[in-house]
Q: 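Sharing a structure, written as structure tokens. Questions coming.
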Protein chains: 2
Amino acid sequence: MPTDKNIDLTISEGHAFAPPKAAKKILDVAYDLFYRRGIRAIGVDEIVKRAGVTKPSLYRSFPSKDELAASYLRQYDLEYWERFDEAVAAHPGDPRAQIKAFLTRIGKRTQVADYRGCGMTNAAVEYPDHSHPARVVSEANKQELRRRLRGMAVAMGAQDPDTLGDGLLLLIEGAYISGQLFGLGGPAQAVARNADLLIEASLKK
Amino acid sequence: MPTDKNIDLTISEGHAFAPPKAAKKILDVAYDLFYRRGIRAIGVDEIVKRAGVTKPSLYRSFPSKDELAASYLRQYDLEYWERFDEAVAAHPGDPRAQIKAFLTRIGKRTQVADYRGCGMTNAAVEYPDHSHPARVVSEANKQELRRRLRGMAVAMGAQDPDTLGDGLLLLIEGAYISGQLFGLGGPAQAVARNADLLIEASLKK
DNA sequence: ATGTATACGTACCGATCGGTAACATTGTCA
DNA sequence: TGACAATGTTACCGATCGGTACGTATACAT
């Protein structure tokens, strides 16, 4: 359970004299550093230095580094489903096109130098302990992804929707990982094509 | 560049010169700890303690912790291709059955509590820097995996072998990751089935 | 002006990080 | 027996780790 700390990140920012709160600056910097270089690789000292604040400020807004990491992932979660819902909204009532749009987007994102994959996936690799605050957020995100993909497989009329949903999840996770492993020209660019082949093979009765 | 250290791990053990035993114990312990809990999470002190040796012994056999991590992955690499070649040898001249055997095995391995995925993949996530010694080994392993899968896709007579090979790689990486994310009952158990569907859809002319 | 609450900074903590210097001990072979 | 190589022992290094005690500055209400 969170304390009453760090739950105020949604407010103001547009008020008359509202200088960017320390907590927001800290979270923004932590987001960037944790994602790009890994959570374990980044110390709190570097975060506060880059954020232009001091360490006690960090610990007034976040109870610990682990909880800051969890907050980073909660923010990541929000933006993740925003992107997902964009792909869904772009093709109302057409789950196959929704998947294709989402995967095409992922495939494109992987084709940049220094692509770092999915922050959720990476955090789970960094923290094998299931009770770690960051991992809890990560696992919840992935459970939700699985739930949605299976739902879309049902809507597509798949012969075995659970298998197709899981197959799509495997392809997605594979794209995240191989995107950061291979960089440009890697297998991740083929994720949408393979997903479409898999869907096609899973539909027909 | 490695020095002339730590390149002697393949020899003797029964030979007249009964050489470094400390190095082997260290590497064995490091292998287990690095794989199960992550490289960054394990300090050299814990390694030497569990191995029943002292720190100078470690640094006599390995130039640095990073190089010890690389040695761990080189060992992992050896065993990885052993498992791969076993699946291949079990079905001579039948690449589709070889893939199926390999993936079935992966799917089964993922269905245990506290499954930790692929050591190569995990190391790459832990070390985004492409020049890190551990990552160099990891990337080479994955390049080789891609090469072999594409070759097998050719041998299967795929319409677009590169796409199929990459699709299989995505499924495999997805299984490694989702295996450790979801634990028992997760999507990774469906990896062989989905691969077979994908192959089927990629063959017919 | 004064009290009060909140936000922030200086300086510091003990623990652990990866790594090393210097020396003692052991086992093996010549 | 002597020489050598491998390992162990003890003590230490500077840097960084996550985290905190405590004093100070600012804002606002009375």
Side-chain angles (χ1 to χ4, degrees), chain A residues 3-9 11-13 15-27 29-30 33-34 37-72 126-127 129 132-134, chain B residues 3-9 11-30 33-34 37-72 126-127 129 132-134:
Chain A
T3 69
D4 59 343
K5 289 178 170 185
N6 89 346
I7 52 170
D8 53 287
L9 298 168
I11 54 163
S12 53
E13 185 73 30
H15 195 271
F17 277 91
K21 290 245 173 198
K24 187 184 186 307
K25 282 194 293 184
I26 290 166
L27 187 57
V29 169
L33 292 177
F34 283 164
R37 292 166 49 196
I39 298 170
R40 292 200 115 112
I42 298 296
V44 291
D45 292 278
E46 183 163 0
I47 293 172
V48 299
K49 191 178 162 195
R50 301 266 266 249
V53 300
T54 58
K55 232 190 306 191
S57 280
L58 191 159
Y59 283 97
R60 277 177 212 114
S61 298
F62 306 92
S64 66
K65 184 199 173 184
D66 288 346
E67 279 301 330
L68 173 59
S71 291
Y72 144 58
E126 285 200 271
Y127 295 100
D129 181 355
H132 190 285
Chain B
T3 69
D4 59 343
K5 287 180 170 182
N6 88 345
I7 53 172
D8 52 284
L9 297 168
I11 55 165
S12 46
E13 188 74 25
H15 193 269
F17 302 105
K21 183 172 164 253
K24 185 181 187 311
K25 280 194 296 183
I26 290 164
L27 187 56
D28 284 350
V29 169
L33 292 177
F34 283 164
R37 293 167 48 197
I39 299 170
R40 291 199 116 112
I42 299 296
V44 291
D45 292 278
E46 183 164 0
I47 293 172
V48 298
K49 190 177 162 195
R50 301 266 268 248
V53 301
T54 56
K55 227 182 323 183
S57 277
L58 191 158
Y59 284 97
R60 279 179 205 116
S61 298
F62 305 92
S64 66
K65 184 200 174 185
D66 288 346
E67 279 301 328
L68 173 59
S71 291
Y72 144 58
E126 285 200 89
Y127 294 99
D129 181 355
H132 190 285

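Naming: A, B, ... by sequence-line order, numbering from 1 per chain.
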Q: Has A:Ser71 got a side-chain atom pairing as donor or acceptor with A:Glu67's backbone, closer than 3.5 angstrom?
A: yes
Q: In whole Å, what is the span from the CG atom of A:Leu58 to the P atom of D:dG19?
A: 9 Å
Q: What is the separation between atom CD1 on A:Ile26 and atom C1' on C:dG9, rounded to the nearest whole Å?
A: 13 Å
Q: Closest approach to the side chain of A:Ser57, judged atom by atom: which nucleotide of C:dG19, D:dT9, C:dC8 is it?
A: C:dC8
Q: Output yes when a side-chain donor or acceptor of A:Lys65 lies under 3.5 Å from a complementary backbone atom of A:Ile39, and no otherwise.
A: yes
Q: What nucleotide among D:dA21, C:dA21, D:dG8 has an atom nearest to a side-chain atom of A:Pro56?
A: D:dA21
Q: Do the side chains of B:Asp45 and B:Lys49 get close enough for a salt bridge, i.e. N-O under 4.0 angstrom?
A: no
Q: Between B:Glu126 and A:Arg37, does any NZ, NE, NH1 or NH2 come within less than 4.0 Å of an OD or OE carboxylate oxygen?
A: no
Q: In whole angstroms, how far is the P atom of C:dT26 from the CZ atom of B:Arg60?
A: 15 Å
Q: With a 4.0 Å heavy-atom cut-off, tell me which residues in residues 42-54 of chain B come close to DNA chain D, sorted by residue number.
A: B:Gly52, B:Val53, B:Thr54
Q: Nearest whole Å is fine: how far is D:dC17 P from A:Asp66 CG?
A: 15 Å
Q: I'd like to check A:Leu58 versus A:Ile26 (side-chain heavy atoms, cut-off strictly below 4.5 Å). Are they in contact?
A: yes
Q: Roughly, in whole Å, what's the span from CZ in A:Phe62 to C1' in D:dG18?
A: 15 Å
Q: What I'd like to find out is whether the side chain of A:Val53 reaches to under 4.5 Å of the side chain of A:Val29, using heavy atoms alone.
A: no
Q: Expressed as a whole number of angstroms, how long is the span from B:Arg40:CZ to D:dC17:P?
A: 11 Å
Q: Choosing from D:dG18, C:dA22, C:dG19, which nucleotide comes nearest the side chain of A:Lys65?
A: D:dG18
Q: Looking only at the side chain of B:Ala22 (C-beta and beyond, no hydrogens), which of the listed nucleotides C:dG9, C:dG19, D:dG8 gets closest?
A: D:dG8
Q: B:Lys55 side chain: which of C:dT20, C:dT10, D:dC22 is closest?
A: C:dT20
Q: May I ask you to evaluate whether A:Tyr59 reaches the phosphate of D:dG19, defined as a side-chain N or O under 4.0 Å from OP1 or OP2?
A: yes
Q: Relative to the ring of A:Tyr127, is the ring of A:His132 parallel (under 30°), tilted (30 to 60°) or perpendicular (over 60°)?
A: parallel
